[in-house]
> 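Pasting a structure here, questions to come.
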Amino acid sequence: MMKKLILSVLLLNLLAACSSNPPKEEVAEPATTSAATTEAPAADAQAATATDAQAAADAQAAADAQAALMEKNSVYFPFDVDAVQDADRETIMNHAEYLASHPDAKVRVEGNADERGSSEYNLGLGQRRAKNTKRALVLGGASDSQIETVSYGEEKPRCSEHNEACWAQNRRADINYSAQ
Amino acid sequence: MRRWILLCLSFFVVPAHAVLNIEITGAGEHQTPVSLVRFAGDAATAQGLLDIVGSDLIRTGLFKLVDPAGKTPHEPRDIRPSEWVGVEAVLIGSIQAMDDGKVAVKFRLLDLVRNAELLSQVVTAKEDQVRAIGHRIADMVYERLTGSPGVFSTRIAYVSRDEGVYRLVVADSDGDNEQALLTSKEPIMSPSWSPDGRQIAYVSFEKRRAMVYVQSLSSRMRTLIADFPGSNSAPAWSPDGTQIAMVLTRDGESQIYVANSNGGRLRRITYSDAIDTEPSFSPDGQSLLFTSDRGGSPQIYRVSIEGGSVERLTFESGNAFSPRFHPDGKSFVFAHFGDGVFHIAVHDLESRQTQILTAGGWEKKPSFAPNGKMILFATEVQGRGILATVSSDGRVKQKMVAQRGDIREPMWGPFLK
């Protein structure tokens, strides 16, 4: 089973490497069996045979890489602005590169807004922020179909006080990896 | 009776089993002095009825309740005008238990200035519907004394948020008698009443993104009417109840669409590269108000439901959100954001003047009562979202403070038919 997974991962990586340029649409449909390669649990790895040890280590490395990536998965926006800022270029590129090299990985980009607007306007603003974050990820090499965009507007504030320090936290888009 | 008058004088009415406390400030330009006499019959029922009629009338700011000072007339012949100096109208009546477990409430409203009978009615209902009877009596008294229909029997909807649990709540217009229509761990937004008051459209994130549902109040059955890719939100019913305007991002930006009320026959109304949202039908059903940032900042615009040309209506410094028509279609209420605070404001379509009605704060999501005399909106006290109302002339304000949780997204329901 693990061998099959490794094989499919390799294949997918090859495919991704061959297709860093368009057409993107066809490439991005990963075989469903390849799911979960990036998150092989450590317990399984110890129980594996010697030949599988390397694969487990790789999987662990991938999981670690994703965990490291997840430490910085938010990009932030000025008030009523939906363009991705230069300050977040590194975050965007890190995720774009990861997505490009892991075509089976999928993310949900969740756009948020601070409370200075109506809830419906902020839903629209969060959607724009998510969409622009997605566009930046795709420009950085991620595939269109790896990224779903949603908006929570002002409905899920990370911080609930009425001050700029708090609002700045809430004007953001989160890049969340989907459980596979 | 005396205890109750004291409560009213302190402008702080706490009905039995209240979920909300109500605080009133300001008064109408002219307050009609009215005396309410506890009805004959079962004392507890009569007191309950009196409390409801009294707090309904007090909340409008248009009436001054005059203590009957121990006088207990139940029939017109018991009233000696010399004993009621300064009182313009007096409400008297009686409660009779009937064989089928119902009660018949007979009441009269007497004009002591013109010596005329303004109302003489009998209302029958189950004994546990005292609240409803009280609201109906208050509606009739209000209409006879002001010329406008009362809205005490109407209902409101709002969203409460408490420790990560969202509830879509329907309550009486005084905030009492609340019932949860939906409970969810994910956000709920934008409840919108059908014009017959039997259904509510709203936005729920229970499937991890915004989708529009329509739910029946009586059967609790609900229908998912919009689940296109992206966000589906801001539902608003047409006045005839056959159509729902909403906002979809399926074609990119937030744009306004109109569908049949079951979600079918979808057609796009606005075409912009901006956020177009919060549609609200005009009372004649021919046009929509909406919020758009197409001019650079969010302002209020109008478009025909046939689509086509778009007219900008507000030119405020700061931003304008959440427009809702007055029931007469001649003005609209909106939330204005400027200098760091939200105000509730009314814009007159003919004079093109905007009037700010409130002192300012986190005041959002206004909607008119169906008689156009009051505006319900969301505000905040000590960091908690609460409901508030302001009279359309800005004179009378009240705050309804929930005992717990955050209240948001209120919408005043229609007259019940």
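Each chain gets a letter, A, B and so on, in the order the sequences are listed, and its residues count up from 1.
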> For B:R161, which atoms come within 4.5 Å of any heavy atom of chain A: side chain, backbone, both, or neither?
side chain

> If I measure from the heavy atoms of chain A, does B:S231 come under 4.5 Å with its side chain, its backbone, both, or neither?
both

> Please classify the contact of B:A335 with chain A as side chain, backbone, both or neither, using a heavy-atom distance under 4.5 Å.
neither

> Tell me, for B:A274 versus chain A, whether the close heavy atoms (under 4.5 Å) come from the side chain, the backbone, both or neither.
both

> Look at B:E186, B:K364, B:R209 and state which one has the largest set of heavy-atom pairs under 4.5 Å with chain A.
B:K364

> Tell me whether the rings of B:F334 and B:F332 are parallel (<30°), tilted (30 to 60°) or perpendicular (>60°).
tilted

> I'd like to know which of B:S254, B:S233, B:G340 tops the heavy-atom pair count under 4.5 Å against chain A.
B:S233

> Indicate yes or no: at least one non-hydrogen side-chain atom of B:I188 is less than 4.5 angstrom from one of B:V203.
no

> Are B:R408 and A:E155 close enough, and set up right, to give a side chain to side chain contact (heavy atoms under 4.5 Å, CB included), and what steps lead you there?
CA-CA 11 Å; B:R408 323 173 72 228; A:E155 302 304 308; 2.8 Å; yes

> Under 4.5 Å between any side-chain heavy atoms of A:N122 and A:N112, yes or no?
no

> Could you tell me which of A:K156, A:E110, A:R116 has the largest number of non-hydrogen atom pairs under 4.5 Å with chain B?
A:R116

> Less than 6.0 Å separating the ring centroids of A:Y177 and A:H95?
yes

> In terms of ring plane angle, is the pair B:F342 and B:F321 parallel, tilted or perpendicular, where the classes change at 30° and 60°?
tilted

> So which of B:S322, B:G230, B:P298 has the largest heavy-atom pair count under 4.5 angstrom toward chain A?
B:P298

> For B:V341, which atoms come within 4.5 Å of any heavy atom of chain A: side chain, backbone, both, or neither?
neither

> Tell me, side chain or backbone of B:E253 under 4.5 Å from chain A's heavy atoms, or both, or neither?
both

